[in-house]
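Note sheet for the following structure.
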2 protein chains.
Amino acid sequence: MGNDMGAKRRVTIRDVAERAGVSMATASRALSGNHPVPTATRARVLRAARDLDYVANAHARALVGGGRKMAAVVVRQVTSPFYAQVAEGVEAEAADRGWLCVVGATGGDPQREMEFVQLMREEGARLVILVGGVVEDDAYRSRVAHYAQALDSSGGRLVLCGRPAPDPDIPALVVEFDNEAGARAITAHLLSAGHRRIVFLGGLPGNTALDARVAGYRAALAEHGLPRSAGRVVDCGLGRAAGLRAMTELLKETREFTAVFAGDDMVAAGALRAIADAGLSVPDDISVVGYNDIPLAEDFNPPLTTVRTPAEELGRAAVRIALRDPEQSGGNHHLLGTHIVVRRSVASPGAP
Amino acid sequence: MGNDMGAKRRVTIRDVAERAGVSMATASRALSGNHPVPTATRARVLRAARDLDYVANAHARALVGGGRKMAAVVVRQVTSPFYAQVAEGVEAEAADRGWLCVVGATGGDPQREMEFVQLMREEGARLVILVGGVVEDDAYRSRVAHYAQALDSSGGRLVLCGRPAPDPDIPALVVEFDNEAGARAITAHLLSAGHRRIVFLGGLPGNTALDARVAGYRAALAEHGLPRSAGRVVDCGLGRAAGLRAMTELLKETREFTAVFAGDDMVAAGALRAIADAGLSVPDDISVVGYNDIPLAEDFNPPLTTVRTPAEELGRAAVRIALRDPEQSGGNHHLLGTHIVVRRSVASPGAP
DNA sequence: CCACAGAGTGAAAACGCTTCCACTCCTCGT
DNA sequence: ACGAGGAGTGGAAGCGTTTTCACTCTGTGG
């Protein structure tokens with residue numbers, strides 16, 4: 001803990017001014033370009049700054065300037081391929097506009113989320129981006145309402161990315177994928193390959209993203225004239241480990257299905273492994289589809305048919321929309337489209 | 001760009017002090033706990049702060065306090081599984097100590113690297129962590145020397161993570177894996193399975209990490225009594241696409257090898273795909289090993305034998321070492337061990 | 001030749017906080 | 001009973017910038 005690394009005195013703008021033989025005011029103007037300064041003077045100042053290896057103090061600047069260009073993105077964990085892509089998108093778009101971007105991982109712990117958001121408020125973040133589906137309980141709702149209100153009243157902005165707003169009139173922007181449409185499309189794909197008994201693996205009741213996918217799945221089944229009983233959803237949650245476990249269990253219990261729709265690609269990875277471990281083949285015995293099209297999905301065994309959610313674009317869109325004039329057209333709810341990408345994990349049931 | 005989101009006046013510590021009926025000094029002491037304050041007073045202040053939803057201004061605090069607990073990680077891209085894990089480790093260890101962690105992506109562009117480091121200096125980062133192997137050219141050497149010197153003279157610290165120091169006496173800490181040992185071990189694994197013609201796919205001359213792996217590979221070959229001509233390294237660089245392309249080319253050119261040692265797991269992913277596309281089987285026709293053991297390596301087809309480099313631990317170690325007393329034992333160069341993890345991508349050549 | 005615009009500049013205020021210094025009370029020990 | 005010491009407190013300095021305001025110079029049109 002305690003460890004100050006004996007700092008030397010920092011070079012300030014006063015030193016630069018002195019060396020250039022001008023006042024601090026002039027030095028500041030030359031450096032920041034906020035006010036015209038004769039070329040000769042300007043050059044002298046710049047020269048002095050370089051000689052001294054002057055580095056402006058962002059704190060002092062932010063203090064007087066009243067705020068700073070900084071965005072915070074909060075995700076469950078940065079090692080999840082999907083979240084990483086969203087974060088990359090945010091980072092890229094922020095960097096393009098000269099904004100600083102800091103990402104925080106909560107591990108799914110509301111406590112850590114609150115601490116991080118608090119910290120970001122202290123740091124003067126003007127944009128806080130909450131990423132990914134969540135289960136919307138009362139605690140969550142009130143937390144988000146508080147974030148939104150607090151940010152809003154200090155000139156900031158909350159954006160919900162990949163999740164809907166829990167309450168239509170909290171002052172937050174939302175940017176998300178049309179999960180229901182995506183799920184419906186890929187379910188239809190399975191249906192048109194001839195599958196009738198499809199299980200949805202990876203439900204997580206209350207989770208906005210998964211519930212929407214389940215809804216899309218059910219809708220596709222219904223549109224195809226199948227009774228509601230034809231659908232089955234296994235609520236095993238997310239992650240490779242969960243998918244592996246749940247699929248193993250399911251296989252022990254029944255073989256009365258020909259395809260599985262995994263809640264996301266990581267669940268699919270686990271399911272694929274479980275099926276292989278059971279001595280079955282994908283897609284010959286069972287077809288599998290996932291969701292998100294993470295970068296390595298095409299390297300699974302077999303390459304996974306899934307729905308592509310342009311994650312990086314989601315991140316970019318979040319900051320782009322948040323940063324444009326609030327009164328500009330476009331409303332505050334944006335839906336991004338998805339499309340399915342066909343690979344080799346789906347075959348017709350009972351085919352060679 | 002221009003968009004001020006009309007901020008209202010911020011609640012300051014003066015407001016809190018007023019409401020609690022104390023001076024700013026007392027309020028500050030009660031809030032920060034830097035100086036004892038009677039329980040009753042303290043409670044009044046805390047109460048006032050809560051009522052007002054007071055949020056301290058980190059800039060003002062850092063300005064007077066002279067610095068702040070902030071670490072910066074710079075990686076090529078955050079969506080690379082390996083880098084993501086390192087970043088996660090840094091973030092976790094930093095968070096544990098109450099430090100803020102910001103990660104920047106350079107896309108491999110020195111220009112962006114310099115801008116980011118500059119920005120971090122302005123922000124008062126006391127720890128800058130450069131992650132991953134690089135090719136050490138003169139420009140790089142002078143850049144790093146400058147970073148190290150600048151950080152050092154302002155009480156900060158540069159740590160090189162996953163790469164050696166270009167010059168033994170620049171004031172930087174180094175934490176890296178023993179790439180040579182890891183490469184030697186997995187090459188030995190291939191050798192003991194009976195392989196004699198092993199190609200190293202993914203060299204990148206000048207790149208510290210890859211060069212070390214190539215050295216380990218060559219050393220293992222030599223230790224086994226093989227002539228130097230037995231080894232072959234294809235310098236295709238890194239990334240899945242590079243691996244795919246290079247492997248495809250190689251296969252067209254020759255089949256005079258029974259195993260490939262990919263420079264990292266992403267290259268291996270591409271190689272695996274290329275081999276499958278050529279109608280060959282892994283491991284029956286060709287064995288493949290990778291490097292890093294990224295999270296999804298076990299879901300490749302087939303599950304990849306590779307060497308595990310505990311990436312998250314690398315990140316944690318970087319901050320742990322950087323933050324302990326500089327004069328403490330341990331030196332400033334740390335080597336982390338690796339071990340191979342055997343899965344199913346290796347078989348004996350010519351086996352059933 | 002004079003008023004006057006405007007360019008160039010510096011002094012100083014302000015941003016919000018922490019901490020040094022000085023002051024006032026108490027509570028002890030003697 | 002009296003001085004020393006310490007706890008509790010507030011005033012004010014200072015952190016490094018930017019920006020406002022006021023000032024001094026030019027040069028220009030009348």
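Both backbone and side-chain heavy atoms feed into the values below; hydrogens, waters and symmetry mates do not. Proteins get letters first, then strands, A, B, ... in listed order; numbering begins at 1 in each.
- A pairwise comparison of heavy atoms in A/Val73 and A/Val90 identifies CG1-CG1, 3.5 Å as the closest pair.
- For the pair B/Ala165 and B/Leu160, the tightest heavy-atom approach, listed with the atom from each and the gap, is CA-CD2, 3.8 Å.
- One atom, CD of A/Glu122, and another, C1' of C/dC17, lie 12 Å apart when rounded to the nearest Å.
- Looking at heavy atoms from C-beta onward, B/Arg10 lies in side-chain contact with B/Val55 at the 4.5 angstrom threshold.
- Evaluation of the salt bridge (Lys or Arg N to Asp or Glu O under 4.0 Å) test over residues 99-114 of chain B, restricted to residues two or more places apart or in two chains, returns B/Glu113-B/Arg143.
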Detail all sub-3.5 Å separations between protein N/O atoms and N/O atoms belonging to nucleotides 18-22 of chain C.
residue, atom, partner, partner atom, Å
C/dT18, OP1, B/Arg61, NE, 2.8
C/dT18, OP1, B/Arg61, NH2, 3.3
C/dT18, OP2, B/Ser28, OG, 2.7
C/dT19, OP2, B/Asn34, ND2, 2.8
C/dC20, N4, B/Arg29, NH1, 3.3

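- The span of DNA chain D lying next to chain A, judged by atoms under 4.0 Å from heavy atoms, is bounded 5' to 3' by D/dG16 to D/dT20.
- Contacts of residues 41-49 of chain B with DNA chain C (heavy atom under 4.0 Å): none.
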Test side-chain contact (heavy atoms from CB on, under 4.5 Å) applied to B/Ile321 and B/His334, step by step | CA-CA 9 Å; B/Ile321 291 168; B/His334 297 256; 3.4 Å; yes
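- For B/Arg141, the CZ atom sits in a packed shell: over 12 heavy atoms of surrounding residues, nucleotides or ligands are nearer than 6.0 Å.
- Other residues, nucleotides and ligands place more than 12 heavy atoms under 6.0 Å from the CZ atom of A/Arg44.
- Counting any heavy atom pair closer than 4.0 Å across all strands shown, B/His59 reaches no nucleic acid atom.
- A/Arg163 and A/Tyr140 share a donor-acceptor pair across their side chains, judged by distance under 3.5 Å alone.
- Heavy-atom nearest nucleotides on DNA chain D were determined for B/Ser23 and for A/Arg14, and the one closer to the 5' end corresponds to B/Ser23.
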With a 3.5 Å cut-off and sequence neighbours excluded, list the donor-acceptor pairs that the side chains of residues 31-42 of chain A form with protein atoms.
residue, atom, partner, partner atom, Å
A/Ser32, OG, A/Ser28, O, 3.0
A/Ser32, OG, A/Asn34, N, 3.3
A/Arg42, NH1, A/Ala30, O, 3.2

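- Protein atom CG of B/Leu63 is 14 Å distant from nucleotide atom P of C/dC15, rounded to whole Å.
- Dense packing is recorded around CZ of A/Arg121, with more than 12 heavy atoms of other residues, nucleotides or ligands lying under 6.0 Å away.
- Across the helix from C/dC1-D/dG30 to C/dT30-D/dA1, the helix axis at one end is tilted relative to the axis at the other end by 40° (nearest 10 degrees, each axis from five pairs).
- Within the 4.0 angstrom heavy-atom criterion, only backbone atoms of the sugar-phosphate kind lie near A/Val55; the bases stay farther away.
- B/Tyr147 and B/Leu130 make their closest contact through CD1-CD2, 4.0 Å (heavy atoms, listed as atom of the first residue, atom of the second, distance).
- Between atom OG1 of residue B/Thr106 and atom CD of residue B/Glu115 there is a gap of 11.0 Å, rounded to the nearest 0.5 Å.
- Under the 4.5 Å side-chain criterion, counting only non-hydrogen atoms from C-beta, B/Leu314 is in contact with B/Val175.
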